[in-house]
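Letters go in sequence order (proteins before strands), and every chain restarts at 1.
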Protein chains: 2
Amino acid sequence: MTRQAPTLEDVAREAGVSRATVSRVVNGIRNVDPAIQAAVRGAIERTGYAPNRAARSLVTRRAETIALVVSGAGDDSESEQNLFAARVLADPFFGRVVSGVVGFLRPRSMYPVLMFAETGAARRDVVAYLRQGSADGALIFSTHAGDPLPAMLAEESLPCVLFGRPALPAPVSYVDLAHRDGARLAAEHLLARGCRRVATITGPLDLPAAQERLTGFQDTMARHGHPYVLSAEGGFTADSGASAMAGLLAGHADIDGVFAANDLMAQGVCRTLHESGRRVPDDVAVIGFDDSSPAYDCRPPLTTVRQPMEEMAAAMARLLQEQIEGGRTRPTSVIFDAELVVRASA
Amino acid sequence: MTRQAPTLEDVAREAGVSRATVSRVVNGIRNVDPAIQAAVRGAIERTGYAPNRAARSLVTRRAETIALVVSGAGDDSESEQNLFAARVLADPFFGRVVSGVVGFLRPRSMYPVLMFAETGAARRDVVAYLRQGSADGALIFSTHAGDPLPAMLAEESLPCVLFGRPALPAPVSYVDLAHRDGARLAAEHLLARGCRRVATITGPLDLPAAQERLTGFQDTMARHGHPYVLSAEGGFTADSGASAMAGLLAGHADIDGVFAANDLMAQGVCRTLHESGRRVPDDVAVIGFDDSSPAYDCRPPLTTVRQPMEEMAAAMARLLQEQIEGGRTRPTSVIFDAELVVRASA
DNA sequence: TTGAAAGCGCTAACAC
DNA sequence: GTGTTAGCGCTTTCAA
């Protein structure tokens with residue numbers, strides 16, 4: 001930054017027109033004489049002009065930026081903010097989410113600001129960030145049921161869209177999956193394979209998604225003459241899946257089918273099964289959920305219920321954009337369908 | 001946003017002082033009478049004032065934002081921009097990087113803007129983004145040797161810091177690891193275990209880091225009487241590690257020690273070894289590099305060369321900050337030490 | 001179709 | 001220690 005960056009004024013002088021005209025050309029507004037338009041473009045080229053974002057934002061009242069926030073439910077005492085970020089990023093789920101968001105934003109020359117909000121202070125920072133106009137809205141990914149952030153944003157009428165129905169009711173828009181149907185697909189597939197003794201490893205049951213996957217699975221099994229389904233609660237991590245499976249196996253050695261509420265846990269399940277000398281899928285069929293990278297990294301590759309994460313994330317961004325542009329509109333929700341992806345594990 | 005957001009003016013009126021005074025209080029500048037300070041704080045509280053970022057940036061000429069960019073070396077024809085993002089995020093390496101960056105930024109109330117620059121157009125967008133003042137500088141993580149972005153930024157004197165020495169020489173600051181030393185630690189450990197027939201699986205050899213890990217390993221082996229080391233080039237992915245190992249094994253069934261240039265490949269190596277009926281570490285000892293999540297997710301957990309990623313990423317952010325604040329200073333580099341983490345695989 | 005001019009909300013001299 | 005004032009670079013009426 002040795003020399004001062006050229007401004008609209010400089011370009012105007014160079015092109016022999018007014019600032020307003022240059023502004024019109026830059027913003028692609030019609031009603032500008034083609035000749036002048038060319039002159040202006042030439043001047044922009046020559047001066048190496050780049051519009052100043054802050055100045056534009058000041059008048060348009062738009063940051064043209066959105067925040068991608070991953071929030072937890074910790075309180076201020078917790079100083080593990082960083083571990084939280086690392087843990088979230090380690091979840092393969094996240095890569096697909098970012099990919100979907102970026103896919104929507106990039107064509108619009110926008111880039112997401114990454115925020116992790118595990119503590120109360122961090123959540124207040126998110127609210128402040130939006131109130132300052134640093135971002136026009138937020139895409140929220142809650143990792144815990146007790147997350148107060150959605151309500152905080154709704155309270156201030158700050159534009160936001162959640163991934164998944166909020167566990168704590170709040171008047172906000174969200175994008176979700178038909179979890180029950182997804183679980184049903186898994187149940188039917190296990191049944192069709194001839195599994196007679198099935199179990200499910202659930203996610204944290206205070207999360208609506210985990211609850212619905214369980215319910216959908218149980219209901220379908222019940223409808224097919226299996227009123228009771230073995231189950232154990234996991235934490236959506238591979239280790240939790242592995243130990244939940246070990247626990248189940250200890251009491252029920254004859255399990256021949258398992259539905260894990262996400263791929264990471266299914267991966268853990270496979271590990272435990274393998275260590276106990278059982279073959280997948282011959283001895284025990286395993287189905288995961290999400291269709292994220294562990295699904296195909298797993299040996300054997302996992303049969304899983306696909307959640308169209310990229311599309312869902314893109315839909316969130318679209319909804320947010322509409323909310324930002326349209327001013328106050330009431331909350332909406334978009335529900336996507338799940339799909340069974342059959343690989344080797346079941 | 002029903003009612004207009006309160007401005008400095010409103011707070012000033014409410015507190016019965018001038019805008020300047022309110023500004024001083026907000027920015028924590030001394031020389032403000034404690035009583036007035038309290039009055040102003042009260043007014044801020046009552047009005048619910050939040051400073052407008054754009055207005056501030058306009059005058060301070062600081063966005064107080066930095067870009068975290070992951071760049072590749074693709075050209076414009078490539079339309080796989082999204083896959084690129086997903087692939088990068090899937091790499092466990094990335095979570096630690098973000099964690100380190102966020103750890104440095106958060107206390108300063110800053111958040112990184114995430115950008116993926118795999119195509120030429122995307123790289124130009126990164127440059128434009130910085131030139132517009134949307135971000136004050138960039139943290140660059142190149143995934144390919146031919147990445148032209150560093151040079152592009154240097155050309156425009158835009159503040160940036162790279163992760164790793166640039167493969168294409170460019171006058172930019174960077175933070176790196178003493179790769180050679182790290183590889184030496186791995187070699188010595190394998191030797192100390194009594195391995196006689198060792199092999200190494202390298203990363204893409206056009207990357208300086210991969211090259212140095214190989215050189216460091218070979219040199220140490222040579223110094224200990226092993227002038228020739230078997231090697232195969234991988235692509236830093238688990239699959240590439242698995243197949244490189246299979247290839248090596250085909251020609252040399254007696255391999256008893258392997259050094260993989262990253263954990264992901266080491267994981268693939270373990271998989272291949274396991275499938276070939278060999279035990280790790282009894283039949284073959286395996287050492288990885290990075291100490292990222294696959295290292296402890298792997299069975300057995302990997303002995304690996306730890307790269308203090310979080311600290312490195314934080315150092316990058318610090319260097320960038322200095323560069324932004326200090327104006328033009330010449331490129332610097334900071335090199336971190338590697339450390340051997342002994343687990344079960346070797 | 002183009003230009004003149006009025007701010008957007010804030011900081012930073014400078015004066016008091 | 002506090003207020004006054006002049007912009008920062010841009011968009012956007014409003015006239016011409």
Sequence-distant partners of [X], side-chain hydrogen bond (donor to acceptor under 3.5 Å, both in side chains), two or more places apart:
X	answer
Glu14(B)	Arg46(B)
Arg165(A)	Glu212(A)
Asp33(B)	none
Asp147(A)	Ser71(A), Ser142(A)

Can you pull the contact range of chain A along DNA chain D, 5' to 3', using atoms under 4.0 angstrom from its heavy atoms?
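First-to-last contact on DNA chain D, by the 4.0 Å heavy-atom rule, is dG9(D) to dT13(D).
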
Closest-nucleotide 5' rank along DNA chain D - winner of Val22(A) and Arg24(B)
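The residue whose closest nucleotide sits nearer the 5' end is Arg24(B).
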
Could you state the atom-to-atom distance from CD of Glu64(B) to P of dG9(C) in whole Å?
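Roughly 20 Å, once rounded to whole Å.
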
Once you round it to whole Å, what is the distance between P of dA12(C) and CD1 of Ile29(B)?
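Value for this atom pair: 7 Å.
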
What residues form a side chain to side chain contact (heavy atoms under 4.5 Å, CB included) with Glu45(A), not counting sequence neighbours?
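Not a single residue meets the side chain to side chain contact (heavy atoms under 4.5 Å, CB included) criterion with Glu45(A).
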
Not counting sequence neighbours, which residues clear side chain to side chain contact (heavy atoms under 4.5 Å, CB included) with Ser18(B)? List them please.
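Ala20(B), Thr21(B).
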
Residues forming a ring-ring contact (aromatic ring centres under 6.0 Å, His included) with Phe141(A), sequence neighbours excluded:
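Phe141(A) satisfies ring-ring contact (aromatic ring centres under 6.0 Å, His included) with Phe163(A) once adjacent residues are dropped.
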
Just jot down the ring-ring contact (aromatic ring centres under 6.0 Å, His included) partners of Tyr129(A), sequence neighbours excluded, or say none.
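Result, ring-ring contact (aromatic ring centres under 6.0 Å, His included) vs Tyr129(A): Tyr111(B).
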
Quick one: which residue pairs count as a salt bridge (Lys or Arg N to Asp or Glu O under 4.0 Å) with a foot in residues 95-113 of chain A, not counting sequence neighbours?
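Qualifying pairs, neighbours excluded: Arg96(A)-Glu310(A), Arg106(A)-Asp125(B).
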
Can you work out whether Glu9(B) or Val32(A) has the more 5'-proximal nearest nucleotide on DNA chain C?
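Result of the comparison: Val32(A).
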
Using only heavy-atom distances, determine whether the side chains of Arg53(B) and Thr65(A) contain a donor-acceptor pair under 3.5 Å.
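Thr65(A) and Arg53(B) do not have a side-chain donor-acceptor pair below 3.5 Å.
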
Can Ser134(B) and Gln132(B) be counted as having a side-chain donor-acceptor contact under 3.5 angstrom?
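Yes, Gln132(B) and Ser134(B) have a side-chain donor paired with an acceptor closer than 3.5 Å.
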
Under 4.0 Å: is that the gap between some side-chain N or O of Thr21(A) and OP1 or OP2 of dG3(C)?
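Yes, Thr21(A) has a side-chain N/O under 4.0 Å of OP1/OP2 on dG3(C).
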
Can you pull out the residues from residues 36-53 of chain A that lie within a 4.0 Å heavy-atom distance of DNA chain C?
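Residues of residues 36-53 of chain A under 4.0 Å from DNA chain C: Ile36(A).
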
Interface polar pairs with nucleotides 5-8 of chain C, N/O, under 3.5 angstrom:
unit_1	atom_1	unit_2	atom_2	d
dA6(C)	N6	Arg19(A)	NH2	3.2
dC8(C)	O3'	Arg61(A)	NH2	2.6

Taking any heavy-atom pair under 4.0 Å as a contact, classify Val26(A): base, sugar-phosphate, or nothing.
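No contact.
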
